[in-house]
Colleague: 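Below you will find the structure I want to go over with you.
Keep in mind that this is a model prediction, so the values were computed, not measured. First the proteins, then the strands, lettered A, B, ... as listed; each starts at 1.
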Number of protein chains: 6
Amino acid sequence: MTFQRSGNRAADQLRPVKITRGFTAHAEGSVLIEFGGTRVLCTASVEDKVPPHKRGSGEGWVTAEYGMLPRATHTRGDREAAKGKQSGRTQEIQRLIGRSMRAVFDLKKLGERTIVLDCDVLQADGGTRTAAITGAYVAARDAVNKLLATGKLAATPITGPVAAISVGIVNGTPLLDLEYIEDVACDTDMNVVMTGAGHFVEVQGTAEGAAFTRAEMDELLRLAEKGIAELVAMQEQALSA
Amino acid sequence: MTFQRSGNRAADQLRPVKITRGFTAHAEGSVLIEFGGTRVLCTASVEDKVPPHKRGSGEGWVTAEYGMLPRATHTRGDREAAKGKQSGRTQEIQRLIGRSMRAVFDLKKLGERTIVLDCDVLQADGGTRTAAITGAYVAARDAVNKLLATGKLAATPITGPVAAISVGIVNGTPLLDLEYIEDVACDTDMNVVMTGAGHFVEVQGTAEGAAFTRAEMDELLRLAEKGIAELVAMQEQALSA
Amino acid sequence: MTFQRSGNRAADQLRPVKITRGFTAHAEGSVLIEFGGTRVLCTASVEDKVPPHKRGSGEGWVTAEYGMLPRATHTRGDREAAKGKQSGRTQEIQRLIGRSMRAVFDLKKLGERTIVLDCDVLQADGGTRTAAITGAYVAARDAVNKLLATGKLAATPITGPVAAISVGIVNGTPLLDLEYIEDVACDTDMNVVMTGAGHFVEVQGTAEGAAFTRAEMDELLRLAEKGIAELVAMQEQALSA
Amino acid sequence: MTFQRSGNRAADQLRPVKITRGFTAHAEGSVLIEFGGTRVLCTASVEDKVPPHKRGSGEGWVTAEYGMLPRATHTRGDREAAKGKQSGRTQEIQRLIGRSMRAVFDLKKLGERTIVLDCDVLQADGGTRTAAITGAYVAARDAVNKLLATGKLAATPITGPVAAISVGIVNGTPLLDLEYIEDVACDTDMNVVMTGAGHFVEVQGTAEGAAFTRAEMDELLRLAEKGIAELVAMQEQALSA
Amino acid sequence: MTFQRSGNRAADQLRPVKITRGFTAHAEGSVLIEFGGTRVLCTASVEDKVPPHKRGSGEGWVTAEYGMLPRATHTRGDREAAKGKQSGRTQEIQRLIGRSMRAVFDLKKLGERTIVLDCDVLQADGGTRTAAITGAYVAARDAVNKLLATGKLAATPITGPVAAISVGIVNGTPLLDLEYIEDVACDTDMNVVMTGAGHFVEVQGTAEGAAFTRAEMDELLRLAEKGIAELVAMQEQALSA
Amino acid sequence: MTFQRSGNRAADQLRPVKITRGFTAHAEGSVLIEFGGTRVLCTASVEDKVPPHKRGSGEGWVTAEYGMLPRATHTRGDREAAKGKQSGRTQEIQRLIGRSMRAVFDLKKLGERTIVLDCDVLQADGGTRTAAITGAYVAARDAVNKLLATGKLAATPITGPVAAISVGIVNGTPLLDLEYIEDVACDTDMNVVMTGAGHFVEVQGTAEGAAFTRAEMDELLRLAEKGIAELVAMQEQALSA
């Protein structure tokens, strides 16, 4: 019972990934990341202030916000600014991005400043949150490099790479990097965030249909490990370009 | 490097669990569940209507809301009703409870009605969301049993038990069922939701400190499997009382 | 034209009242108060800050918040936190509780700290606001006693007891302590708050059906005086236990 | 210990009352009512629809909204529309006005239409809610008279007059119709709403300072009865002009 | 193709304008301005504080808020305070009033204080925003005169008059000062704000129907210049009364 | 007193304009428009429903929403979705875009469907609203062409082109198409919307500093006419590509 992916993609194959640095002009880091048809603009903004719980601590803060343009999707969604509130989904995703980025930041070394990562989906085709995390890391690196270049930081507060990918089970087949039509059809959907060292930062697996077994979980984690290792290599390549 | 738990609790030992059915009078199901010092009131309400996306479908809906009394915690938290919005944390938790309950419901068999599970934390000492899921299942069973007893349902729409537990790594030691002081100190915090058959419904693991290895993850899942099997037995015992 | 009360209760008889101190663990005062089927959890929280209008005044503040669990009632009500606002009824009630408590506090003697009384209805059967006031007083006493015991206060800022009861006219019969089915049926509904000395703090009478005469009002106040005197005695008994 | 009122007003004397009908052009009823320096514009709007709980019932509805212009008061208050919410005080007052008006309406005779009474304070000097009720009655009468004149109603749904006044105890002296400086200084503040027949619709008494005795309450009610009888006469005089 | 105006008003004729100073008692400036059936209460409040972006600058601030009573119009509109938000229209208008007033204020000479202009429409018959600007200027002058009289200001911060009028094209005829039925019927609607020197502060023209030509625009501006010159004279006359 | 523009741009010269159709995949029209450093993504979405005021009328509706990504600007702005409300500026702009588009739509010919134009600023350097209008027209044309191609419309409801440009006076020099540093420095800022026939749809001029004379206004309108004629030609060129 195997599932035929579009473009003859193998079960353990990522979609084409493209990372464009300097996509917009003003932000300290600005990255357009594409996972196939998913396109997310990730900007990193450095602000010389911290939220109340960090004031006077000598430590900095890293946080994220997530949004989706109303017509990033097949049918138009409501604009959250017009509705007057962010959905539960949006809040979950931006909290996930924020935690993932903080996992590779030494907040003491950042000093009392904040890096805000804005991840805005221009076009959605599945995996927007994992593309956002993967792109936000590159934007954050660019922002930190500016702080280093201008002498505002003497040493990087970033402890290593972080990237993310989705995995799932569609018609019984474990797949890497779900696109939209796979996401809709899957029984299990899992988002995995890992460091460059191959350790887990976040694992969020949900059985949309049938509950999944321990063996299935093991296979999904293996796929994620493979995909994230590839993404980390692409991040480094983009940063050295 | 082991961690000494309060009350000489073993690393793979649940806190005392107490399930009180019929805790309040009006709800179709009303359960007070206690995991040690954590006390959550779970009520199941049956309503003869469904949300718009289910109208005319012949299918029902199961959803959940979560709240915490302002002084359930060590220091008083803001009342969400007074602030005018639910926090991102609250929304994440109630979405998790709702998905977990739907995982064991056949919505077609429920008919066009809704079961709302309200999980309100009277006292918090870690693990409120896992207690909520475990208690909500018992409340839902009571509500369904009333529908069966009154002939409104001919067969149960519930496909089997569901329960949840937290696991984590504190000072390098994997622990089952974290209480508050352990939760604060942990490097990794994972909430696991499983069916009575031992399959996964949700796995949400977060590295609060250092990222965790695949071996640590395996040990955490093993602890969760053990704990959830015990919880499922306690649910059944409470329901047969 | 007399009204037959449930359980053969006399017209001037309170429902069974039960006051449980220390119902939850964290709050400085935590009282579950029951007026028959009405059960309200009242916690008193001491905070070392005051609202802006009291800052630098040397005076403290006493305030209250009120909530009702969604399924405290016969049919489920909307969760105010999910709706994003407190109803007019909720605000009226919490303002009433706050004023009633401040009536027996010498805010100068409290010092620059705040006591927040959270009154959350676990189960509703009429008279929730009067139960809340009566229970909140006991919780406040416990909180003040902790401040005295730890030397943070040298003398009590509480000037005496306060308690509350509802009275009303059902089918022409004046009744003490209305339960839900009486409340629904009544022509006149009055909530009375009095001090231990038998003086009035609040009188809020509303003609739901026919307007009421001065003679009816006099009889209602007489019933309230009787009931509140009994409640004050029960408060003291609970506090001395 | 007597209190000297401004303008040598006697303790049981109303301020000059002025009722101007037809103050604005569009509303079915439009009344400017003045109690001394308090000026409230009360409009009655007839709408051919009812709220959901009355749809299909054959009954109508009567409701009220209350507002205060930001600079109606000595110092400017926030505009509620700009803050995005009505205060608890505003909601309490508009609920009180609505209940008071419904007390003299036979909703069956009104038919499935709504009368909305908008009471907006142009200038405040104490007693705005009682002036609002007294003026809203006149506006409602004008609106009903238009419905009768155009044949939309065959018989009046209004069962009789309703009016309101404040009473209070200042420096130990019971006073009728408190103006602002008296309201600020009073120990007890009571708002009383009565029908033309001299029966009570609402009694809301609050001890701002010392609790009040039964004897004081009796005297306050006597003052209110006197004042409301005078107001009812003035309403009729204005309506017959 | 000419349009017959009500009351035989000429195309370039203002409606009767009436300016009543001191309409309410508490505000530093309080003006009721009437453009025919349009009646707007404009109050000027002086506050000894400035918004954050002016703190410590030595400069003051001038701002405006706009509201419309629910039944100022032919059919009742929702109360914005009850809806919990100001409409886009309201925000546009109050921003326009604020900019117009700041155009004739030297904020440095005002010192660190704020003048808030509240413009509340009691009755609407077209042109409420232009009446508001014209009346707000008079209220602001009264408020500044009080600051000068009490020595809080040594010299006026007002650089000259400002007034506003609407113009439009109805059935091909350019008209000055549109009333409601003209506003509804017009193809082009333009609001013009000018100084006493005849220079433009704001020009906001909108083609409701057909787009308008340059020649039509020229004629509309000519009408506006005429009307505003007359309004400025009336402002001065009212201020010297 | 002339102003030296960046890149030796002449006073009456547009910045380089680039119009990219099909920028994103899902929308019926998707245009990235660039006015120099200003980049706005304009999508047109066709929905088979109309707002309540058009239901059953046989007519369609055209509306617009506007947003700015938080880091489109030099310093990061708050995300409106996170703040829970759109600013007054945002609402003004999206109302302007909507009116401008409706000026060239025959809503009867559109049938009962809605075209929503979402204009989201990816990078801001002055003139975002005029770029949005100019790009939205192209997106709307693409959407209408799809309706024509699929036979859902038999004839175009678009009556002709519409485009917009800003003009202003900087240091006494009238300039066409202000970029950000010019916008900040200008005394007068005017946005002009015109049809392909050279008629005015909207004129919104504001004196930020000194009020402007009639002669200055005439010169600004002349510049706008020139710029818009050029923009209309570029729109047609892009649409025929």
Colleague: Test side-chain contact (heavy atoms from CB on, under 4.5 Å) on E:F212 and F:V203; report intermediate values, then the result.
Modeller: CA-CA 10 Å; E:F212 53 98; F:V203 176; 4.2 Å; yes
Colleague: With the threshold set at 4.0 Å, does a side-chain nitrogen-carboxylate oxygen contact exist between F:E208 and E:R99?
Modeller: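 No salt bridge links F:E208 with E:R99.
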Colleague: What residue, out of F:E225, F:M190, F:R102, has the most heavy-atom pairs lying under 4.5 Å from chain E?
Modeller: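 When all of F:E225, F:M190, F:R102 are compared, F:E225 has the most.
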Colleague: Would you say F:K109 has more than 12 foreign heavy atoms packed within less than 6.0 Å of its NZ?
Modeller: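 12 or below, so no.
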Colleague: Could you tell me which portion of E:T195 (side chain, backbone, both or neither) has an atom closer than 4.5 angstrom to a non-hydrogen atom of chain F?
Modeller: side chain
Colleague: Who wins among F:Q86, F:R89, F:K85, F:E216 for the most heavy-atom pairs under 4.5 Å with chain E?
Modeller: F:R89
Colleague: Looking at F:F200 and E:R214, what are the two nearest heavy atoms and their distance?
Modeller: CE1-CA, 3.7 Å
Colleague: Give the C-alpha distance, both sets of side-chain angles, the deciding distance and a yes or no for side-chain contact (heavy atoms from CB on, under 4.5 Å) between F:E92 and E:Q91.
Modeller: CA-CA 8 Å; F:E92 255 182 57; E:Q91 291 188 62; over 6 Å; no
Colleague: At a heavy-atom distance under 4.5 Å, which candidate from E:G198, E:G88, E:S87 has the highest pair count against chain F?
Modeller: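 Answer, by heavy-atom pair count under 4.5 Å with chain F: E:G88.
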Colleague: How many angstroms lie between atom CD of F:Q204 and atom CD of E:E202, to the nearest 0.5 angstrom?
Modeller: 8.5 Å
Colleague: Who wins among F:V104, F:T188, F:D218 for the most heavy-atom pairs under 4.5 Å with chain E?
Modeller: F:D218
Colleague: I need the residue from F:A103, F:A211, F:A210 with the largest number of non-hydrogen atom pairs under 4.5 Å to chain E.
Modeller: F:A211
Colleague: Where does E:N191 contact chain F at under 4.5 Å (heavy atoms): side chain, backbone, both or neither?
Modeller: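 Contact with chain F: none, neither part.
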Colleague: Between F:T206 and E:V201, is the side-chain contact (heavy atoms from CB on, under 4.5 Å) condition met? List the steps.
Modeller: CA-CA 6 Å; F:T206 296; E:V201 171; over 6 Å; no
